[in-house]
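Notes to accompany the following structure.
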Amino acid sequence: MPELPEVETICRLLRQGSNNHPTLTGMRIRSADLLWERTLAEPTPLEFQHRLPGQQILDINRRGKFLVFRLTDDHLILHLRMSGDLVIEPQEAPIPAHHRLILYLQGEPLRLAFNDTRKFGRVWLTAHPNQVLGRLGPEPLEPSFTADHLYQRLQRTRRQIKPLLLDQSFLAGLGNIYTDEALHLAKIHPLTPANLINPERAEQLWSAIRHVLQEGIRRNGASIDWVYRGGDFQNYFRVYQRTGQPCPECGALIERTLVGQRGTHCCPVCQSLPALNLRKE
DNA sequence: CATCAACCCTGAGAGC
DNA sequence: TGCTCTCAGGGTTGAT
């Protein structure tokens, strides 16, 4: 479940380097080893092998939950989906289970590996990154994403707020964890129709979204289930995976329901639905 | 336009 | 112990 904060954490690690490895920026890709073909969304494996070697990594950025490597001629774009991770390791190390794509680097005895247990992750090599990223909604942490901007967008639809926030074309970067956390912080029920959220509540939601994302980044993301990347935001969840435990605000027991086929955690007291049945016309 | 189900996958956990 | 079953999860696609 890498969401925006987890992808941002990985992005910074690759860009800035760590005790164990230097920055990837400026390095050249020597060769690629594609171990699971379906990981590659485009182009064909043959063209990928032909085009990638020799290209230099000019820049590493994040857009929504996508990692974007700007290369000499192309953009290398990765989506980690459920279980993906990127690791830098010695080029001669044994190849762990679930490695799907390995990029060997020039001039350093290192490789960059895409590990993805569930095989949902995808990689694109393209000269036209907008064809992959173009439908994404605004970046929630950008200054241009204001509370009023959010309110205006909420007004345009009657969709339930939780599935709407998960829709990457509405807003880029939220997944199940941070959506549940943000809705609880803003005291909004996940089924609330978006256009019933007034400017005041919209501002609370805007603030909550940015707060949980910034906290997630500050804690280096959340490590849950079998995916561990060193983050500890999971220790600060207010509702996510806390079914039956007390709400940090009011002490009522957190409930788990399904909303748009997604496991959803919320406080039955803090997050109440507007009285829809009283609405006329 | 909004909602829903199926699909892609694996491993963890439950039930037997 | 070891088998089988169910389920979670993001995003895409197609149906209602």
Side-chain angles (χ1 to χ4, degrees), chain A residues 1-8 10 34-42 62-68 77-86 96-101 114-124 126 129 131-137 140 153-183 189-197 209 213 216 221-229 231 233-234 237 239-244 254-266 273 276 279:
Chain A
M1 309 106 241
E3 304 179 24
L4 188 154
E6 289 76 28
V7 178
E8 179 66 24
I10 293 173
L34 180 60
L35 288 85
W36 179 255
E37 285 207 353
R38 298 190 63 168
T39 292
L40 188 61
E42 73 165 278
R62 177 192 59 74
R63 176 76 172 95
K65 303 179 199 171
F66 291 85
L67 269 169
V68 183
I77 304 175
L78 298 96
H79 196 300
L80 306 176
R81 290 279 181 92
M82 294 294 305
S83 58
D85 196 9
L86 279 173
H98 314 313
H99 270 22
R100 307 304 179 197
L101 173 66
F114 180 44
N115 186 285
D116 182 24
T117 306
R118 301 222 167 145
K119 297 179 174 175
F120 284 1
R122 288 295 178 268
V123 174
W124 296 257
T126 176
Q131 288 181 1
V132 181
L133 307 171
R135 291 182 198 148
L136 289 176
R153 290 173 69 86
L154 290 172
Q155 283 302 104
R156 299 209 289 257
T157 178
R158 297 183 301 186
R159 289 173 65 187
Q160 300 164 343
I161 186 62
K162 170 159 179 180
L164 184 64
L165 293 176
L166 288 172
D167 183 339
Q168 301 297 296
S169 67
F170 180 81
L171 187 62
L174 288 181
N176 213 32
I177 296 175
Y178 293 91
T179 301
D180 280 2
E181 293 295 306
L183 287 174
H189 192 281
L191 292 175
T192 308
N195 61 343
L196 295 190
I197 296 176
I209 289 169
L213 291 176
S223 312
I224 65 176
D225 293 347
W226 63 96
V227 183
Y228 181 70
R229 278 177 309 277
F233 187 62
Q234 70 278 8
F237 289 164
V239 288
Y240 188 78
Q241 284 188 348
R242 293 193 63 249
T243 310
I254 301 301
E255 291 179 355
R256 184 181 184 279
T257 58
L258 276 184
V259 176
Q261 344 283 76
R262 284 293 192 273
T264 297
H265 310 78
C266 78
L273 263 180
L276 300 180
R279 192 165 48 100

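Keep in mind that the numbers below use all heavy atoms, side chains included, and drop hydrogens, waters and symmetry copies. In what follows, every chain begins at residue 1, and chains take the letters A, B, ... in the order their sequences are listed.
Distance A:R81 CZ to B:dT10 P: 15 Å, rounded to the nearest Å. The distance from atom CG of A:L165 to atom P of C:dG10 is 13 Å, rounded to the nearest whole Å. Remark: P of B:dC1 and CG of A:D167 are 12 Å apart, rounded to the nearest angstrom. The CD1 atom of A:I161 sits 16 Å away from the C1' atom of B:dT3 (whole-angstrom rounding). Here B:dC1 presents its P atom at 14 Å from CG of A:N195, a figure rounded to the nearest Å. One atom, CZ of A:R118, and another, P of C:dA8, lie 11 Å apart when rounded to the nearest Å. If you measure from atom CD of A:Q241 to atom C1' of C:dC7, you get 13 Å, rounded to the nearest angstrom. Rounded to an integer number of Å, the gap from A:W124 CH2 to C:dT12 P is 7 Å.
At distances below 3.5 Å, not a single donor-acceptor pair connects side-chain atoms of A:R135 with backbone N or O atoms of A:V132. Side chain of A:R62 to backbone of A:G64: a donor-acceptor contact under 3.5 angstrom is found.
Residues A:S83 and A:R118 share a closest heavy-atom pair of OG-N, 2.8 Å. Between A:T264 and A:P190, the closest heavy-atom pair is CG2-CG, 3.7 Å. Considering all non-hydrogen atoms of both residues, A:T39 and A:R100 come closest at OG1-CB, 3.4 Å. The two residues A:P140 and A:I209 come nearest to each other via the heavy atoms CB-CG2, 4.1 Å. The two atoms that bring A:R158 and A:N195 nearest to each other are CG-ND2, 3.2 Å, heavy atoms only.
For the side chain to side chain contact (heavy atoms under 4.5 Å, CB included) criterion with A:V123, the lone passing option out of A:L34, A:L67, A:I77, A:L101 is A:L101.
Phosphate proximity of C:dG10 to A:Y178: absent, as no side-chain N or O sits under 4.0 Å from OP1 or OP2. Between A:H98 and B:dG11 there is a side-chain polar atom (N or O) within less than 4.0 angstrom of OP1 or OP2. Checking the phosphate oxygens (OP1, OP2) of C:dG11, a side-chain nitrogen or oxygen of A:H79 falls inside 4.0 Å. The side chain of A:R38 places no N or O atom within less than 4.0 Å of a non-bridging phosphate oxygen (OP1 or OP2) of B:dC8. Residue A:S83 places none of its side-chain N or O atoms closer than 4.0 Å to OP1 or OP2 of B:dC9. At C:dG10, none of the side-chain N or O atoms of A:Q168 fall inside 4.0 Å of OP1 or OP2 (strictly under the cut-off).
Sequence order on DNA chain B of the closest nucleotides to A:K119 and A:R156 puts A:R156 first from the 5' end. Nearest-nucleotide positions on DNA chain C place A:L258 closer to the 5' end than the other of A:L174 and A:L258.
Evaluation of atom-type donor-acceptor distances gives a pair under 3.5 Å for the side chain of A:R262 against the base of C:dG10.
Among the protein residues, A:R159 comes within range of the sugar-phosphate backbone only, with heavy atoms under 4.0 Å from sugar or phosphate atoms but none that close to a base. Across all strands, A:R256 comes closer than 4.0 Å only to sugar-phosphate atoms, never to a base (heavy-atom distances).
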Contacts under 3.5 angstrom, residues 163-181 of chain A side chains, donor-acceptor by atom type, not counting sequence neighbours:
{"unit_1": "A:D167", "atom_1": "OD1", "unit_2": "A:S169", "atom_2": "N", "d": "2.9"}
{"unit_1": "A:D167", "atom_1": "OD1", "unit_2": "A:S169", "atom_2": "OG", "d": "2.7"}
{"unit_1": "A:D167", "atom_1": "OD2", "unit_2": "A:R159", "atom_2": "NH1", "d": "2.9"}
{"unit_1": "A:Q168", "atom_1": "OE1", "unit_2": "A:G173", "atom_2": "N", "d": "2.8"}
{"unit_1": "A:Q168", "atom_1": "NE2", "unit_2": "A:L166", "atom_2": "O", "d": "3.1"}
{"unit_1": "A:Q168", "atom_1": "NE2", "unit_2": "A:L174", "atom_2": "O", "d": "2.9"}
{"unit_1": "A:N176", "atom_1": "OD1", "unit_2": "A:K162", "atom_2": "NZ", "d": "2.7"}
{"unit_1": "A:N176", "atom_1": "ND2", "unit_2": "A:G263", "atom_2": "O", "d": "2.9"}
{"unit_1": "A:Y178", "atom_1": "OH", "unit_2": "A:E6", "atom_2": "OE2", "d": "2.8"}
{"unit_1": "A:T179", "atom_1": "OG1", "unit_2": "A:G175", "atom_2": "O", "d": "2.7"}
{"unit_1": "A:D180", "atom_1": "OD1", "unit_2": "A:K162", "atom_2": "NZ", "d": "2.7"}
{"unit_1": "A:D180", "atom_1": "OD2", "unit_2": "A:H265", "atom_2": "N", "d": "2.9"}
{"unit_1": "A:D180", "atom_1": "OD2", "unit_2": "A:H265", "atom_2": "ND1", "d": "2.9"}
{"unit_1": "A:E181", "atom_1": "OE1", "unit_2": "A:R238", "atom_2": "N", "d": "2.7"}
{"unit_1": "A:E181", "atom_1": "OE2", "unit_2": "A:R238", "atom_2": "N", "d": "3.2"}
{"unit_1": "A:E181", "atom_1": "OE2", "unit_2": "A:V239", "atom_2": "N", "d": "3.0"}
{"unit_1": "A:E181", "atom_1": "OE2", "unit_2": "A:Y240", "atom_2": "N", "d": "2.9"}

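Not a single side-chain hydrogen bond (donor to acceptor under 3.5 Å, both in side chains) links A:R262 to another residue, sequence neighbours left out. With sequence neighbours left out, A:R81 forms a side chain to side chain contact (heavy atoms under 4.5 Å, CB included) with A:H79, A:F120.
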Under-3.5 Å N/O pairs linking protein and nucleotides 13-16 of chain C:
none

Polar-atom pairs under 3.5 Å, protein N or O versus N or O of nucleotides 5-7 of chain B: list them with distances, or write none.
{"unit_1": "B:dA5", "atom_1": "OP2", "unit_2": "A:Q261", "atom_2": "NE2", "d": "2.9"}

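In this structure the side chain of A:L80 never reaches within 4.5 angstrom of the side chain of A:D116, judged on heavy atoms.
Residue A:F120 and nucleotide C:dG10 are classified as a stacked aromatic pair, their ring centres being separated by less than 5.5 Å at an interplanar angle below 30°.
For the helix from B:dA2-C:dT16 to B:dC16-C:dG2, the rotation axes defined at the first and last 5 base pairs enclose an angle of 50°, given to the nearest 10°.
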Walk me through whether A:L183 and A:T192 qualify under side-chain contact (heavy atoms from CB on, under 4.5 Å). CA-CA 10 Å; A:L183 287 174; A:T192 308; over 6 Å; no

